[in-house]
Each structure stands twice: as C-alpha cells, then as structure tokens.
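Some notes on the structure that comes next.
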2 protein chains.
Amino acid sequence: MSTDATTGLAAERHQRIRDLLRGQRVARVDELSEVLKVSPATIRRDLEELERHGVLQRVHGGAVASEGTPEEPLFDDKTSIAASEKEAIAEAALPFLGPRDTIYLDGGSTVLALARRLQCFPQLTVVTNSLRVAHAFSGTGPRVILAGGELRRLSQTFVGPLSRHVLASTNFAVAFVGTVGLSFADGLTTTDPAEAFTKELAIAHAQRVVLLSDSAKFGKTSLARFATASDLDVLITDRRAPAAELAQFRNADVQVIAV
Amino acid sequence: MSTDATTGLAAERHQRIRDLLRGQRVARVDELSEVLKVSPATIRRDLEELERHGVLQRVHGGAVASEGTPEEPLFDDKTSIAASEKEAIAEAALPFLGPRDTIYLDGGSTVLALARRLQCFPQLTVVTNSLRVAHAFSGTGPRVILAGGELRRLSQTFVGPLSRHVLASTNFAVAFVGTVGLSFADGLTTTDPAEAFTKELAIAHAQRVVLLSDSAKFGKTSLARFATASDLDVLITDRRAPAAELAQFRNADVQVIAV
DNA sequence: GACGAACATGCATGATGTTGCTCGTTTTTG
DNA sequence: CAAAAACGAGCAACATCATGCATGTTCGTC
C-alpha cells in the first residue's frame with residue numbers, strides 16, 4: 001500500500017487532468033505531478049496519450065487545452081449513461097448531413113455527442129435551442145444560430161412561445177432530434193409541453209427529420225407528444241432496440257439504423 | 001491558484017502577449033519584459049515567433065497587432081484588465097433593480113460581473129443575449145429568457161436580425177448595457193453593426209437604461225453607434241473617468257456614479 | 001494457493017530546449 | 001554627427017524531455 005486514499009487508476013488521472021485543464025487552460029508538468037501525487041515521468045506519459053486523443057496540446061513544460069474545449073464544465077448529468085451507444089449513434093448520424101448544410105440540433109445528450117463531431121465543419125450552419133450545443137461551439141466550429149426562449153434548466157434548452165419567432169423564419173435541410181419516450185403507437189413524447197412545442201416547430205421546418213435515440217427510450221411514453229412515427233424520416237438507435245417496434249417503423253417508411 | 005509569480009511556460013506568455021496586443025494595439029519590449037517578468041531577449045524571441053504566425057508585426061522597440069485582429073479586447077475575465085473596478089461597478093448597479101423586476105443584461109465582462117451577483121434572486125426575470133450570462137444561470141438563479149440570433153464568438157453574444165423577434169415582444173424595467181467606446185460627442189459605440197442593432201433594440205424596450213463602463217472606455221469611438229448620451233438614464237464608472245466628460249453627461253440629465 | 005505474464009510506475013541518463021547574459025552592430029533621436 | 005537605445009548572434013547555465021531498466025502490483029492460469 002504505497003499510495004494512500006486513491007490508488008491512482010490511470011483513467012482517473014486522465015479525467016482529473018482534463019478537468020483541471022478545463023478550469024485553468026494551462027498546466028505545468030510539475031504542478032500536475034504534485035497535485036496528482038505521481039512522478040513527472042508518469043504525467044508526461046499521460047499528456048502524451050491525451051495529446052493523441054486531441055484533448056490537449058503539449059508545450060515545453062506542460063500542456064494547454066485544445067481549442068474548443070469549454071472553459072468551465074457544464075454539469076454532466078446523464079452524458080455518461082450508455083455513453084458508448086450514444087457515441088455510436090452520433091457517429092451513424094454523420095452521413096445524413098452535408099458540409100455546407102443548415103441543420104437543426106435539438107437538446108439531449110445523444111444530439112450533443114453529434115454536435116461534438118461537428119466542430120471541424122466551419123461551413124455548416126447550426127440552428128439549435130440547446131445551451132450545451134451553443135456552449136460546445138462557443139470557441140470554434142460552425143455558424144451558430146440560437147432560437148430564443150425561456151431556459152428550461154432540466155434539459156438546458158430554450159423553449160416556449162418565444163422560440164416561435166426564430167424557428168418560424170428559418171428552414172433546415174435536416175433536423176436531428178432526441179426524445180424522452182418513443183413508441184410506434186404513442187409517437188415521440190417528452191415531459192414538458194413547452195419543450196414539445198419547440199420540438200414540433202423545429203420538425204415542421206425541416207426537410208428531413210432524423211431521430212437519435214438509444215434503445216432505453218423504447219416503450220416509454222411521457223406527457224407531451226411532439227411528433228408521430230410518420231413525421232420521421234430516419235431513426236438511429238442501437239442493437240438492443242426491440243425488433244418488433246423497429247419493424248413497425250420500417251413499415252411506416254422510416255429508414256431504421258441500429259448500430 | 002498556486003500560481004507563484006508564474007514560472008514560465010512559453011505558451012502562456014504568448015497568449016498573454018496576444019491578449020495585451022488586442023487591447024492596446026502596440027506594445028514595447030521592455031514594457032512586456034516588465035509585465036511578464038522575463039528578460040527582453042526572451043520577449044524578442046517570443047515576438048519573433050508570433051510574427052512568424054502572423055499574429056503581430058515587429059517594429060523597432062516593440063510590436064503592433066497585425067491587420068485584421070479586432071480592436072476589441074478578448075472576452076476573458078481572468079486576464080481582463082481592471083477586474084476590481086469592474087466588480088465595484090457591478091456592485092454599484094445593484095440598487096437599480098428590484099427583486100421581482102424583469103431586466104435586460106447585455107454582453108460584456110462588467111455586466112457579467114453583475115449577473116454573478118444575481119444568482120440569489122430567484123424571482124427576477126433576466127432577458128439576455130449573452131451566452132456567458134445564460135451559462136452563469138444554467139444551474140440556478142433567476143428565470144432566464146434568451147434572445148435568439150447568430151453567435152458572435154468574440155463577444156459571446158447572440159446578435160443580428162433574428163434577435164429582433166424576441167426583443168420586440170418583451171419589455172424591461174431596466175437594461176444594463178456595456179460598451180466598447182464612450183464619449184459624450186459620439187455616443188456609445190461598438191465594433192460590430194449586428195451587435196449594435198441588438199443593443200439598440202434592447203435599449204428601446206427598456207424603461208430605464210443603465211450603462212456599466214470602466215473608465216478606459218472614455219474617449220474611444222468605435223465603428224457602430226447604438227445609443228446617444230440622451231438615451232442613458234444612469235452611467236456607472238470608476239473614479240479615473242475624466243471629469244470633463246462626466247460633467248457633460250450630468251448636464252444631459254444622466255445620473256452619474258463614479259465608484 | 002502458487003506461479004508467471006502483463007502492466008504501470010518510478011528512477012537514472014544522455015539529449016534537447018529554453019533562458020538570460022555579453023558583445024558587436026544597427027537604428028533612432030536630438 | 002554623436003549619443004543612446006535597441007537589436008541579433010553566440011554562449012553558458014539550467015530545466016525539461018525521451019528512453020531504458022528495475023520494481024511492484026494485478027491479474028489469469030494451473
């Protein structure tokens with residue numbers, strides 16, 4: 001038992017380095033070495049690996065956060081649940097947009113995972129009502145247009161009647177939306193009527209609608225419906241989605257992708 | 001922060017030089033040497049490298065910012081100059097709002113300092129076009145309504161014609177605004193016409209207009225005017241503001257507070 | 001329960017990068 | 001035209017880095 005308290009698991013260190021770098025945009029090797037109670041050599045190896053992942057850039061004496069990393073973390077709620085499925089779903093959504101399109105990005109963690117992949121598309125125009133999407137693009141990335149509205153803290157989105165005006169005067173090639181509940185019979189549902197109102201508007205102004213939803217949403221029905229199965233053009237989910245449901249969507253002319 | 005006198009990290013120095021050059025468009029070598037606490041030789045090497053990256057152009061005795069770099073100081077509260085003045089100005093603005101008011105908060109670091117003081121007013125309604133303000137209230141605080149629009153990264157605000165709709169359908173008891181340039185003769189000016197457009201709208205829908213501006217803004221005039229002295233009801237600044245200017249504002253029936 | 005492979009960590013060493021100083025040259029200023 | 005300031009190049013001192021090797025731990029396997 002050489003180390004007290006936390007027997008520094010490498011992944012845990014990496015996470016702490018990311019957190020520290022998010023707060024203060026630069027960090028020195030010996031500073032990290034002291035805080036994390038490991039040798040400078042280990043820190044360098046960590047930085048080397050994190051640089052390969054694009055999280056940071058090494059400089060002599062330490063490292064700086066990569067461009068585009070937000071300065072302060074927004075509280076991470078459910079982004080870690082089913083993270084790998086969400087990432088795979090987001091990856092599968094990429095072929096549905098072109099580099100110069102105008103698209104709509106909804107709130108929700110799966111859509112946020114998609115947004116993170118769009119930082120390298122500067123010619124894209126993103127319309128969104130999500131604070132977290134806007135924040136993800138605050139440093140660099142596509143052109144961002146935010147629909148106004150009242151902040152709903154639970155979902156970190158701007159919703160309600162005030163969002164009507166901006167959404168009414170914009171049109172999108174594709175809308176990428178998430179949902180709380182999803183079934184063929186009851187359609188797509190969410191917990192808040194104001195949120196449903198805004199989603200409905202976005203869908204109405206999109207030429208194509210792509211739903212990103214992990215399999216856990218299937219069979220759930222929430223309070224407010226914002227779309228029916230026939231509104232969808234594409235449904236992207238993971239392999240654990242119930243086959244019977246998927247078949248129904250396919251029959252309704254929805255392109256179904258299960259990653 | 002354990003930052004003791006900043007033991008180096010070249011990248012950090014480079015960033016600070018860029019920040020300084022954005023505010024004041026020229027910088028002298030020995031001035032930088034004193035501020036950053038390194039030898040003039042090191043400063044010269046830094047300038048040499050930054051010139052290769054096109055950030056600045058060297059001249060005898062120092063360097064000037066390259067063409068195309070915006071003259072607006074970078075939105076960065078950590079390194080921002082006159083942080084204590086900004087805090088004092090924000091504090092002095094508090095008496096101008098009631099706990100149940102609907103108010104407008106502009107972009108800009110001084111207004112952001114005010115926003116941070118409003119987290120304990122849950123019955124307040126805040127209308128804003130600032131991503132940073134929305135982010136400050138993302139966890140808790142007043143009711144937040146965001147005006148839509150296109151993200152302007154430099155100021156981290158949403159501006160332009162799309163902001164018209166929401167602002168046109170809301171009214172505020174007080175609007176707290178910042179500025180880039182300020183003089184009695186030329187009025188209040190900012191660098192971006194789209195930003196000016198949005199500020200102008202907010203001012204038009206406010207019963208009272210309170211300007212928060214540190215003394216460094218006096219005498220500067222930027223591209224786009226968004227208000228004249230007669231639009232102001234209150235001007236809050238710090239003690240180093242030029243007395244002659246302040247007197248003119250007082251004569252125009254503006255309540256002037258110098259903290 | 002014991003053994004061995006795989007891995008992570010820490011230390012030592014030669015290599016590389018950075019900094020501040022000196023000195024001769026160039027530029028500005030009066 | 002001369003004095004003063006600023007500049008660039010080279011050098012020594014120092015910090016940081018990458019690599020190889022030894023140690024300790026965690027598994028899996030028998």
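Worth knowing before you read on, the calculation uses all heavy atoms, side chains too, and leaves out hydrogens, waters and symmetry mates. Numbered from 1 within each chain, the chains take letters A, B, ... in sequence-line order.
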Pairs under 3.5 angstrom, nitrogen or oxygen only, protein versus nucleotides 8-11 of chain D, please.
residue: D:dG8; atom: OP2; partner: B:Arg58; partner atom: NH1; Å: 3.1
residue: D:dG8; atom: OP2; partner: B:Arg58; partner atom: NH2; Å: 3.4

Under 3.5 Å, N/O pairs linking protein and nucleotides 23-30 of chain C:
none

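Looking only at atom types and distance, the side chain of B:Gln156 has no donor-acceptor partner in the side chain of B:Arg132 under 3.5 Å away. With 3.5 Å as the limit, one finds a donor-acceptor pair spanning the side chains of B:Asp238 and B:Ser215.
Of the possible polar contacts, one joining the B:Ser130 side chain to the B:Val133 backbone as a donor-acceptor pair under 3.5 Å is found. With A:Ser33 contributing its side chain and A:Val38 its backbone, the two residues share a donor-acceptor pair below 3.5 Å. With B:Thr189 contributing its side chain and B:Ser222 its backbone, the two residues share a donor-acceptor pair below 3.5 Å.
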Set out, in order, the CA-CA distance, both residues' side-chain angles and the distance that settles side-chain hydrogen bond (donor to acceptor under 3.5 Å, both in side chains) for A:Ser155 and A:Thr157, then state yes or no.
CA-CA 5 Å; A:Ser155 61; A:Thr157 53; 2.6 Å; yes
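Not counting sequence neighbours, B:Phe176 has no partner by the ring pair (Phe, Tyr, Trp, His ring centres under 6.0 Å) test.
Note on A:Arg239 versus A:Glu85: no salt bridge recorded, every NZ/NE/NH1/NH2 to OD/OE distance being 4.0 Å or above.
Considering only the side chain of B:Arg13, C:dT19 comes nearest among C:dG10, D:dC17, C:dT19.
If you measure from atom CG of A:Asp46 to atom P of C:dT9, you get 7 Å, rounded to the nearest angstrom.
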